[in-house]
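Note sheet for the following structure.
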Number of protein chains: 2
Amino acid sequence: MRFSKQRELIQDIVQRTNSHPTANWIFNKAKKEISNISLGTVYRNLSQLNKDGVINIFYDDNIARYDWNTVAHDHLKCNKCGKIIDIKLHNRELKKEVLKQYKFEAENIEITISGICENHMNFKEK
Amino acid sequence: MRFSKQRELIQDIVQRTNSHPTANWIFNKAKKEISNISLGTVYRNLSQLNKDGVINIFYDDNIARYDWNTVAHDHLKCNKCGKIIDIKLHNRELKKEVLKQYKFEAENIEITISGICENHMNFKEK
DNA sequence: ATTTAAATAGTAATGATTACTATTATTAAC
DNA sequence: GTTAATAATAGTAATCATTACTATTTAAAT
Ligand SMILES: [Mn+2]
Ligand SMILES: [Mn+2]
Ligand SMILES: [Zn+2]
Ligand SMILES: [Zn+2]
């Protein structure tokens with residue numbers, strides 16, 4: 001894989017945010033640096049970076065989101081503001097459990113918890 | 001909401017399978033009974049049945065799947081044959097944990113574990 | 001500097017889902 | 001049973017995210 005300034009920029013943009021951005025968000029950011037960058041280029045490089053293990057992809061409802069954090073982790077999704085927060089749950093036991101109970105060889109565990117984040121709590125609850 | 005034979009059929013189709021079908025799969029099944037049923041009708045009724053709590057929707061990668069099982073549960077997804085299996089994990093503690101650790105009021109927990117189902121294991125592993 | 005092919009920009013195509021609209025069918029009132 | 005009101009439908013068009021295509025550009029090896 002040879003160098004391209006487009007791919008470098010796209011990787012930078014993903015790695016500089018915690019917002020779990022969509023392809024379109026990344027595209028708009030990228031246009032500020034390379035005004036004629038193509039959306040196809042963004043998608044192609046995001047897939048490529050994912051294949052190379054540089055970034056992660058997951059799906060929020062029916063749209064793809066990109067994550068610089070390649071270490072296994074889980075997500076909290078706020079139903080009010082849409083924010084997606086990284087969390088680490090202790091699910092070391094889960095793989096063993098599903099192997100034992102369901103004879104299923106787990107490779108990837110994806111946990112998304114939706115609800116209401118602390119920004120929307122009133123004083124009483126705080 | 002008034003009666004329609006289309007909605008009744010759609011609900012029946014979802015409730016008679018464990019396959020977590022897509023809208024298109026349901027549409028094709030429905031056409032065998034009502035040959036001129038419209039795909040829009042299928043989508044509209046699936047949304048409606050979901051709003052009324054009769055069925056559940058979740059997203060497998062970027063496409064919607066419908067589930068007769070409205071009780072909270074989790075899924076195993078086989079990367080070889082695509083089968084999606086219902087499981088029940090004991091995550092009663094999770095809501096408390098995220099409230100305590102992250103001040104996040106959990107409403108819905110979605111766990112999908114991908115890997116290899118028992119159909120693909122060889123004799124040694126069995 | 002020349003050559004080779006990977007990567008790109010721009011655009012077209014696809015697939016899932018939603019929106020629109022004239023027509024049909026359910027249901028309640030008479 | 002007939003009528004009236006309007007929810008639901010079929011058929012079609014539009015939208016949105018993503019992928020495919022292709023002529024041109026560009027990285028980088030010789
Ligand atoms: Mn994350
Ligand atoms: Mn299920
Ligand atoms: Zn929030
Ligand atoms: Zn399988």
Side-chain angles (χ1 to χ4, degrees), chain A residues 1-14 17 19-67 75 77 82 84 110 112, chain B residues 1-14 17 19-67 75 77 82 84 110 112:
Chain A
M1 186 170 55
R2 42 167 88 155
F3 169 86
S4 92
K5 66 176 199 276
Q6 288 86 346
R7 183 181 312 117
E8 193 160 70
L9 173 60
I10 289 162
Q11 179 173 342
D12 257 38
I13 290 171
V14 174
T17 182
S19 69
H20 302 91
T22 64
N24 201 59
W25 188 93
I26 296 162
F27 175 53
N28 285 123
K29 274 255 158 171
K31 275 197 288 196
K32 287 168 186 171
E33 297 281 324
I34 302 172
S35 61
N36 70 332
I37 195 173
S38 167
L39 182 57
T41 297
V42 173
Y43 273 107
R44 181 168 18 80
N45 280 298
L46 287 169
S47 301
Q48 204 158 163
L49 289 165
N50 175 246
K51 252 180 216 140
D52 295 350
V54 179
I55 63 172
N56 265 138
I57 305 183
F58 67 96
Y59 291 88
D60 171 29
D61 288 351
N62 52 356
I63 93 159
R65 288 186 175 276
Y66 301 86
D67 197 337
H75 292 116
K77 184 191 174 185
I84 295 171
E110 212 169 301
T112 301
Chain B
M1 186 171 56
R2 42 167 91 153
F3 169 87
S4 91
K5 65 175 199 274
Q6 287 86 346
R7 184 182 311 116
E8 194 160 68
L9 173 60
I10 289 161
Q11 179 175 341
D12 257 37
I13 289 171
V14 173
T17 183
S19 69
H20 302 91
T22 64
N24 202 58
W25 187 94
I26 296 162
F27 175 53
N28 285 124
K29 274 256 157 170
K31 277 197 286 195
K32 288 168 185 171
E33 296 282 325
I34 301 171
S35 61
N36 70 331
I37 196 172
S38 166
L39 182 56
T41 297
V42 173
Y43 273 107
R44 181 167 18 80
N45 280 298
L46 287 169
S47 301
Q48 205 159 164
L49 289 166
N50 176 245
K51 252 181 216 139
D52 295 350
V54 179
I55 63 172
N56 265 137
I57 304 184
F58 68 94
Y59 291 89
D60 171 29
D61 288 351
N62 53 355
I63 93 159
R65 289 186 175 273
Y66 301 85
D67 198 336
H75 292 117
K77 184 190 172 183
I84 296 171
E110 211 169 301
T112 301

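Order of the sequence lines fixes the chain letters, A, B, ..., with proteins taken first and strands second; residue numbering starts at 1 for each chain. We use all heavy atoms of the structure for the numbers below, so side chains are in, but hydrogens, waters and symmetry mates are not.
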Value in whole Å for how far the P atom of D/dT19 lies from CG of A/Leu46: 10 Å

Quick check: do A/Leu46 and A/Ile26 have side-chain heavy atoms less than 4.5 Å from each other? yes

Grab the CZ-P distance between A/Phe58 and D/dT18 for me, whole Å please. 12 Å

Go through residues 37-45 of chain A and report each residue with a non-hydrogen atom lying under 4.0 Å from DNA chain D, sorted by number. A/Leu39, A/Tyr43

Are the side chains of A/Phe27 and A/Thr41 in touch, meaning some heavy atoms are under 4.5 Å apart? no

Report the distance from atom NZ of B/Lys51 to atom P of D/dA8, rounded to the nearest whole Å. 11 Å

By nearest nucleotide on DNA chain C, pick out whichever of B/Arg2 and B/Tyr59 is the more 5' one. B/Tyr59

Specify the residue among B/Tyr66 and B/Met1 whose closest nucleotide of DNA chain C lies further upstream toward the 5′ end. B/Tyr66

Spacing of B/Gln48 atom CD relative to D/dA8 atom C1', expressed in whole Å: 9 Å

Reading DNA chain C from 5' to 3', where do the contacts with chain B start and stop? Cut-off is 4.0 Å to heavy atoms. C/dA16 to C/dT27

Between atom OG of A/Ser4 and atom CD1 of A/Ile34, what is the distance when rounded to the nearest 0.5 Å? 7.5 Å

Scan residues 55-64 of chain A for pairs that pass side-chain hydrogen bond (donor to acceptor under 3.5 Å, both in side chains), counting only residues two or more places apart or in two chains. A/Asp60-A/Arg65, A/Asp60-A/Lys77

Between D/dA17 (C1') and A/Asp61 (CG): distance, integer Å: 14 Å

Does the side chain of A/Asp67 reach to within under 4.5 Å of the side chain of A/Ile55, using non-hydrogen atoms? no

In terms of ring plane angle, is the pair B/His75 and B/Phe58 parallel, tilted or perpendicular, where the classes change at 30° and 60°? parallel

pair A/Arg7-A/Met1: side-chain heavy atoms closer than 4.5 Å: yes

Starting at atom CG of A/Asn24, determine the distance to atom C1' of D/dT15, rounded to an integer number of angstrom. 14 Å

Rounded to whole Å, the CD1-C1' distance (A/Ile26 to D/dT18) equals 14 Å

Let me see the working for B/His20 and B/Tyr66 under side-chain contact (heavy atoms from CB on, under 4.5 Å), right down to the final yes or no. CA-CA 5 Å; B/His20 302 91; B/Tyr66 301 85; over 6 Å; no

Is there a donor-acceptor pair closer than 3.5 Å between any side-chain N or O of B/Ser35 and the backbone N or O of B/Lys31? no

Could you say whether B/Ser4 or B/Asn62 is positioned toward the 5' end of DNA chain D, judged by the nucleotide with the nearest heavy atom to each? B/Ser4

